[in-house]
Structures are given as C-alpha cells and as structure tokens.
Amino acid sequence: MKNLCFTLLIMMFSLITSRASINDSIVFKSDLNFSNESEKKYYLEVLNQAQSNNLLLSMLHLPHAADSASIKASEKILNDFIIQLTDEIKNKKGDSKFKYITQKVSNQFLKTFSSNCGLHQTIQNGQYNCLTSVSLYSIILSKLHIPYEIKEEGNHLGVSITEDQKIFIINQTSSNNKCFSINEHYRDKWTKSMYYAKVIPYNEFAEGYSNNLFEKYYYGNTKLTEAQIVSRIYNYLSLQYTDEKKLEEAFQAMQKAYYLEPNLRNLMSMKYVLFNALGRNNYETRSDYEKLIMLCRFNNLNDSEVSSEFISSEFTRYLNTQIRLKTVFINVEKDYNQFVQLLANNNLKDEIVFSFNLQMGKLMMNEPKASVDFIPLLSAAYQVKPKDVDLNSAIMHGLSIQLESIKEGDKALQLVEKYCSYFNELSQSISINTIKVHSYLDISYRQFNTDRIAEGEENLKKSEELCNEFKVIPDISVVEKAYLSAAKYYFNKGNKAKAKAYLLKGFEYAPQSKMILDKLKLVQ
C-alpha cells in the first residue's frame, strides 16, 4: 500500500491539473466498460453535466460499492443526516454555521483515514480519504443549497464557500479536519505579501481586484468540476487495482478517468497502468487486443516510450498467439485492418503490413484445406520488402508445395506465370526459369506424342532460349523425354537428318544421357 500512496502523490497531484493539449483519441466512448447499469447511468450523468444537485452520489455506484443494498443504505444514512443538519443550522450564520457543519460531518463520517475506501464506506463506517471526504461535503452542501467550489492546492483538496464576502475553506486532507474563514482583510494582506514577494506581477496587482488575485494565486486557478472529481476517483481506483494486481479492472477504470478528463495527469496514469497490464498480456482475449490498440494510439502521439519497434514486437506477439490458437482467418484479418488504419507512422504501418501478410501467408500455405489464397498475402508483404530473405524463401516454398500436386507442364507453367505476375523479380530467378524449362519440355513431349508437331517444336525452342539466357541445366530425364520424342517422330517420317539434329541438341543439354547417345548411334 505504501507504493500506491507514493504513486498517488507523484502522479495524482504533482502533474499539470488543467486540461492538456492531448489527442482525445486515446480513449473513445465505445471503449468504456461498466460493472453495472447504475455505474453507467451516473457516469454518463457526470459526463453530460446533467442538471442535478447530487451528481456526486454517483460515487456510491463506482466499483467500490458492494451491492445495491449497500448503496441504498448509504443514501438513507446521508439523507437522514442532511435532514437533521438542515434543522440544526437554520439559525446559524457565517463562521458559526460552517464550523458547526464541519464538526458534525467529522464526528459522524470522518473517523479513520484510509487510502483504500469508497464513499459508501465513509458514510457507513467512518473510513475516509481526501477524495471521499471532499465528495461527501460536496453532496451535503448541494443538498443544503450552499454554493461551493472544489479546490486543489498542491497535493490537497478542499471545499471553498463564499458567503457575505468571506471565504470559508474546509480542508479534509488529514485527521486534523478543520474549517477556517478568510475575510476581506486577510485576502488584501495576503495579496500584497505575494506582490512584495514578486509572485504577483506589477501589472496584475495594479489592475487586479484582490478577490480575483487571491483566487488565482492562492489556489492556482485549480477549481475542480464534479466530472474532475469523479475522474480522480477512477484514477485512484485504477492505481489501487494495479497495486492489487487486478490489471483488467485497473485498465478499465483508467479509461473512464481519462475520458472524463483527458489531461496530462490521466495520460501518464493510463500509460503506467497499460505497461503493467502488458506484462501479463498474452493476447488470448479481446481485452488483450484492446490494449494493443491503446498502444497504437500512444504511438500516434509520438510517445518516446511507445516506440514503433515496441508496437511491432507486440503485434508479432498478438499474431503468434492467434496462429497458435488457430483463430479463424477472417477474424484476424478484421483486427489487422482496424489496427493498420489506426497507425499514423507510415514506416510502422509498412512493418505491420509486412509482418501480418508474411506470417499469415506462411500459415495458409501449410493448410491444404484453407479457403484463403496465400499468394496475395505474400504479394502484399512483397510490396513492402521485395528483397527480404525470409519472404523470398516463403514464396519459393509456397510454389514448391503447389507444384507437388501438378503433373502436367502446362499447369505448372501457368502457376509459375501467376507467381511471376505477383513477384516480378522472380522472372530473373534461375530456379523459376528451371521450372519453366522443365514445363516447356514436358509440354513439347506431350505435343510430339499427339502429332502437334509445330507446337512441340515451338516449346522446345522456348526451353532452349531460357537455357541459354539463364544458364539453366535441366534434368536429364525431362530432356530425354522431349528430345527423344521429337527425334522419334522425324525418324519414323524418314527424316533421319532432322531426327539426328534433335538428338544432338538433346545431347547438348544432357551430355550424360546414355539413352540419347544410343539413339544417335542408331541414326548414324
């Protein structure tokens, strides 16, 4: 708990409290999750600044609350107290009235300081902290129709009341609960002392009204709205949950804090909670994936702690998990498309595009019954990194897998041409051109055996051109089949010269062929 308290002091009160120039796209309304309908109802009322004088009752409905019965019990205790207090102060004014209110509230509700308690525990058990005590006063003063403002000064929260040109401050930051008043003489004296100490500039002091200067410099213009108070409740809850290793609850609470008040304080708290959650994130649930989306939004803010390399690494972890779980491709593709659209960094976007398409392409090529053609996936990766060794190895592996089920040269050639249309540099590969040579030789063999002589000769010519251009050394058996069939055709036609010419050409490409050599001896 010491860690939590220290974190609260550092993160909750030391940072800028005014609305910072932060990109509001860190958290969207659709990201918010609530533990029950009551919490959702009161949260939205606070968010929409509904015209109600008891909005801070919403804190009874935050995750601290045990159940609806506990909430109703707290509301009854509070309402009974306010009814009695209303009657007791009706003839009191000024210092007397507010000191009496403070004493009554302290005696009944503010007994034991506890950093880990909710508003219902303050009302029922007397456990309190800075946030619950200020919230309690806010509800009570609203019910009493006493105008007030919640103020933040350094690491303290207090309630400020202005009545009859006097300021009454109720400060509930420790067990020494107190109410003190500030009259006009005190304001003037304090303002002058700040001017002489050179805290207040001359031009403001010369033109300013002491009340305005006092408000500005005594409190630092940190008047808090009800929404800001509720935001602090959620911020506090989030850090408490993190300390208790309830990381999912911490993440959800921090999202609600930030959405109410998108400032620097909450942004840093969000990142703190997110990093803690990532340590146990295995990307097996939708909530895990939402944290990856949040990382992406931080990266879009050019946050140095959420680098592109970090995002890429986390995305790879997500992808590997989906592959291990054998998630349906269409679901993974939907997540991927959403993720890529969020990325503002083009280099990171290219890295994610490459990683996704390469990994999914490799997965699909090893799934014989897959409904997804892996070639377009590999092609998308190829558009990003055409020289990547791992990718080019995957391309050739995919081609070899598909060629295993193909026996005819024309179908093999069609497949190779398809690959070349997607991966243009393949056309210069010796491996690809070797496949083409074998395909042309097989096609020629079949054409000579079916008396399509002109076509057979044309395909032999194509194979020879590729052999000469790319220094291809074709397989002996394929050369033998094609050139022996051509020689046989012309030998049977009585054209021994042409038969011999084909045998010689075949022997040129397969000099170790005993079959071609034997046929040459016969022809001669």
Side-chain angles (χ1 to χ4, degrees), residues 1 8 34-43 45-46 50 52-89 97-146 148-150 156-159 161 170-179 224-237 240-241 253 256-257:
M1 188 55 67
L8 284 171
F34 300 93
S35 57
N36 52 59
E37 286 301 313
S38 294
E39 181 196 357
K40 181 178 181 180
K41 173 187 173 184
Y42 283 96
Y43 181 94
E45 282 191 11
V46 171
S52 169
N53 59 4
N54 67 339
L55 278 181
L56 285 168
L57 280 170
S58 63
M59 277 171 286
L60 289 172
H61 298 264
L62 299 185
H64 270 123
D67 50 41
S68 58
S70 177
I71 293 172
K72 289 180 180 179
S74 298
E75 289 179 332
K76 185 178 186 310
I77 293 171
L78 194 54
N79 286 332
D80 290 345
F81 174 82
I82 291 171
I83 290 171
Q84 181 182 347
L85 184 61
T86 301
D87 183 65
E88 292 173 353
I89 65 169
K97 179 172 68 173
F98 295 118
K99 287 181 179 179
Y100 185 84
I101 292 172
T102 304
Q103 192 62 45
K104 291 287 288 186
V105 171
S106 296
N107 289 343
Q108 180 157 343
F109 300 115
L110 309 179
K111 299 175 182 178
T112 306
F113 184 85
S114 172
S115 61
N116 182 14
C117 69
L119 183 54
H120 73 289
Q121 292 165 309
T122 298
I123 294 171
Q124 294 185 46
N125 306 325
Q127 296 175 297
Y128 77 97
N129 53 49
C130 181
L131 290 169
T132 62
S133 62
V134 167
S135 302
L136 178 66
Y137 271 110
S138 300
I139 294 170
I140 292 170
L141 293 173
S142 294
K143 292 288 188 179
L144 295 174
H145 305 291
I146 297 174
Y148 69 93
E149 291 179 346
I150 301 170
H156 299 286
L157 288 181
V159 178
I161 304 162
I170 302 173
N171 195 340
Q172 300 296 155
T173 58
S174 69
S175 58
N176 299 319
N177 305 315
K178 59 184 178 180
C179 172
L224 301 180
T225 66
E226 289 170 334
Q228 288 173 314
I229 288 293
V230 176
S231 172
R232 280 157 176 73
I233 290 286
Y234 276 111
N235 187 306
Y236 177 87
L237 276 173
Q240 174 189 322
Y241 284 141
K256 286 176 277 195

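When Ile139, Thr132, Leu78 are each tested for a side chain to side chain contact (heavy atoms under 4.5 Å, CB included) with Ile123, only one passes: Leu78.
Looking at every heavy atom in both residues, Gln127 comes nearest to Thr122 through O-OG1, 2.6 Å. Scanning all heavy atoms of the two residues, the minimum distance from Tyr234 to Ala257 falls at CB-CB, 3.6 Å. The heavy-atom pair separating Ile140 from Ile82 by the smallest distance is CA-CD1, 4.1 Å.
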Yes or no on side-chain contact (heavy atoms from CB on, under 4.5 Å) for Glu88 and Lys104, after CA distance, side-chain angles and deciding distance? CA-CA 10 Å; Glu88 292 173 353; Lys104 291 287 288 186; 3.2 Å; yes
Going through the distances and angles, do Ile77 and Gln108 end up as a side-chain contact (heavy atoms from CB on, under 4.5 Å)? CA-CA 10 Å; Ile77 293 171; Gln108 180 157 343; 4.0 Å; yes
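Side-chain contact between Leu136 and Leu110: present, with at least one pair of heavy atoms (C-beta onward) separated by less than 4.5 Å. For the pair Lys111 and Asn125, the minimum side-chain heavy-atom distance is 4.5 Å or more.
To the nearest 0.5 Å, atom CG of residue Leu144 and atom CG of residue Leu85 are 5.5 Å apart. Atom OH of Tyr128 sits about 7.0 Å away from atom CZ of Phe113, to the nearest 0.5 Å.
Checked by atom type and distance alone, the side chain of Ser142 pairs as donor or acceptor with a backbone atom of Ser138 at under 3.5 Å.
Asn107 and Gln103 share a side-chain donor-acceptor pair at under 3.5 Å. Inspection of the Gln124 and Ser74 side chains reveals an N or O donor paired with an N or O acceptor under 3.5 Å.
Close placement of the Tyr43 and Phe34 rings is indicated, their centers lying within 6.0 Å of each other. For an aromatic pair to be called close, the ring centres must be under 6.0 Å apart, and Tyr137 with Tyr148 fails this.
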